[in-house]
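Note that the structure is a prediction, hence the values are computed from the model and not measured. All residue numbers in this chain count up from 1 along the given sequence. In what follows, every heavy atom counts, from backbone to side chain, and hydrogens, waters and symmetry copies are set aside.
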Amino acid sequence: MGRIDEFLAWAEATARVTRLWNPAPLVRWNSDKSYLLDLAGRGVPEVPTRCIAPGDSCGEEDFEGTHGVVVKPSVSAGARDTARYEPGRGADAERHARMLLGQGRTAMVQPYLPLVEEGERALVFFAGTFSHAIRKQALLTEPGEMDNARVAHPGAALHTPTEAELRTALAALAAVPSPDEPLFARVDLVLDEAREPVLMELELIEPNLFLGLDPRGADRLALAVAAAAREA
């Protein structure tokens, strides 16, 4: 995501000469994690999110939480420039955010949810139909550490989602502001303190779909692509 403007210009130019999956307007919307505010406004249960844009006011008190906070840029991939901060480290979290703001980037602040340590869930959908899911180990294991070389999906393994996880994932997809259903989507979830699944991210651009972990996943994707091509 280091050349986001060029990427979005390419997507829109490509969409003018051929059909792009997922559609260019959806790609633009999904390229900035502030889309989480849109989904929250549509009633999707998610990790509470605050976006701080360059020029917005903020102070150390904005970076305190019961279990600490996570600070990340709103445009990023692979948890780059992301770190979590323990309670009482609001000044460190604020410095992180101000570093992002100084680069002209929007900073996101979210409460740290301890049950992420039981594993993040990622549910994969093709043409709106559930295909498979994985569960992976927590990523931000070291408080205060911004490690851009970390493994993006540690310990990924197949996961059987609960009915609640499926409901939350489908609610997120149903709330996407697009007349065209995403051909592919990955819905990342975590458990809140009530052990209810909440949306962490909705990946519609270039997600790892973990096709190597489910032997039928690639076939399902191929069938979805073929069906979409027939309708084009």
Side-chain angles (χ1 to χ4, degrees), residues 30 33-51 63-74 76-80 82-89 93 108-125 128-147 150-176 182 184-204 207-210 213-214 217:
N30 192 235
K33 292 179 176 57
S34 61
Y35 66 76
L36 289 169
L37 304 183
D38 292 342
L39 296 180
R42 292 175 169 85
V44 177
E46 62 179 50
V47 180
T49 300
R50 182 188 176 198
C51 291
F63 299 90
E64 291 291 351
T66 303
H67 302 289
V69 297
V70 173
V71 179
K72 64 179 74 171
S74 67
S76 180
R80 291 187 62 82
T82 297
R84 73 175 176 96
Y85 297 90
E86 295 184 314
R89 309 301 297 186
M108 293 177 60
V109 186
Q110 298 174 315
Y112 180 71
L113 300 183
L115 289 180
V116 71
E117 293 165 18
E118 294 187 7
E120 298 178 23
R121 286 86 160 131
L123 281 63
V124 177
F125 292 80
T129 299
F130 173 71
S131 173
H132 57 281
I134 65 101
R135 188 168 173 172
K136 61 181 180 178
Q137 297 168 3
L139 201 60
L140 306 179
T141 55
E142 297 298 327
E145 182 173 323
M146 188 165 54
D147 179 8
R150 60 167 61 95
V151 176
H153 306 289
L158 281 177
H159 169 67
T160 300
T162 64
E163 291 185 8
E165 289 167 359
L166 284 168
R167 280 197 305 271
T168 300
L170 288 169
L173 291 176
V176 170
F184 57 87
R186 196 186 82 210
V187 187
D188 293 348
L189 306 175
V190 64
L191 299 182
D192 66 11
E193 291 189 73
R195 303 196 67 83
E196 292 295 328
V198 292
L199 179 69
M200 180 176 288
E201 290 190 11
L202 176 61
E203 301 277 3
L204 304 178
N208 185 334
L209 299 173
F210 303 102
L213 293 178
D214 188 319

* Asked: Is there side-chain contact between Thr66 and Pro111, with heavy atoms separated by less than 4.5 Å?
  -> no
* To do: Can you sort out the partners of Thr162 under side chain to side chain donor-acceptor pair (under 3.5 Å), two or more places apart, ordered by chain and number?
  => none
* Using modelled atom types only, decide if a donor and an acceptor are shared between the side chain of Asn30 and the backbone of Leu202 within a distance under 3.5 Å. => yes
* Got a sec, which residues hit ring pair (Phe, Tyr, Trp, His ring centres under 6.0 Å) with His153, two or more places apart in sequence or on another chain? -> Phe210
* **Set of residues satisfying salt bridge (Lys or Arg N to Asp or Glu O under 4.0 Å) with respect to Arg80, sequence neighbours excluded** => none
* Asked: How far apart are the C-alpha atoms of Leu36 and Met200, what are their side-chain angles, what is the distance that settles it, and do they pass the side chain to side chain contact (heavy atoms under 4.5 Å, CB included) test?
  -> CA-CA 8 Å; Leu36 289 169; Met200 180 176 288; over 6 Å; no
* Asked: Got a sec, which residues hit side chain to side chain donor-acceptor pair (under 3.5 Å) with Thr82, two or more places apart in sequence or on another chain?
  -> none
* **Residue pairs passing the salt bridge (Lys or Arg N to Asp or Glu O under 4.0 Å) test where at least one lies in residues 111-122, sequence neighbours excluded** => Glu118-Arg195, Glu120-Lys136, Arg121-Glu165
* Considering only heavy atoms from C-beta outward, does the side chain of Leu115 approach that of Val190 to under 4.5 Å? -> no
* Of all residues at least two apart in sequence or in a different chain, which pass the side-chain contact (heavy atoms from CB on, under 4.5 Å) check with Ser34? -> Asp32, Cys51
* Asked: Would a 4.5 Å heavy-atom cut-off, applied to side chains only, mark Val71 and Gln110 as touching?
  -> no
* Structure fact -> Across all chains, not counting sequence neighbours, the ring pair (Phe, Tyr, Trp, His ring centres under 6.0 Å) partners of Tyr112 are none
* For Asp188, enumerate each residue passing the salt bridge (Lys or Arg N to Asp or Glu O under 4.0 Å) test, keeping only those at least two apart in sequence or located in another chain. => Arg186
* Asked: Without hydrogens or angle criteria, can the side chains of Glu193 and His67 be said to hold a donor-acceptor pair below 3.5 Å?
  -> yes
* Structure fact -> Hits for side chain to side chain donor-acceptor pair (under 3.5 Å) against Glu145, two or more places apart or cross-chain, chain-then-number order -> none
* Asked: Any donor-acceptor pair under 3.5 Å linking the side chain of Glu64 with the backbone of Gly88?
  -> yes
* With Asn208, which residues qualify under side chain to side chain donor-acceptor pair (under 3.5 Å), at least two apart? -> none
* Would you please name every residue forming a salt bridge (Lys or Arg N to Asp or Glu O under 4.0 Å) with Arg135, sequence neighbours left out? => none
* All ring pair (Phe, Tyr, Trp, His ring centres under 6.0 Å) counterparts of Phe125, not counting sequence neighbours -> Phe130
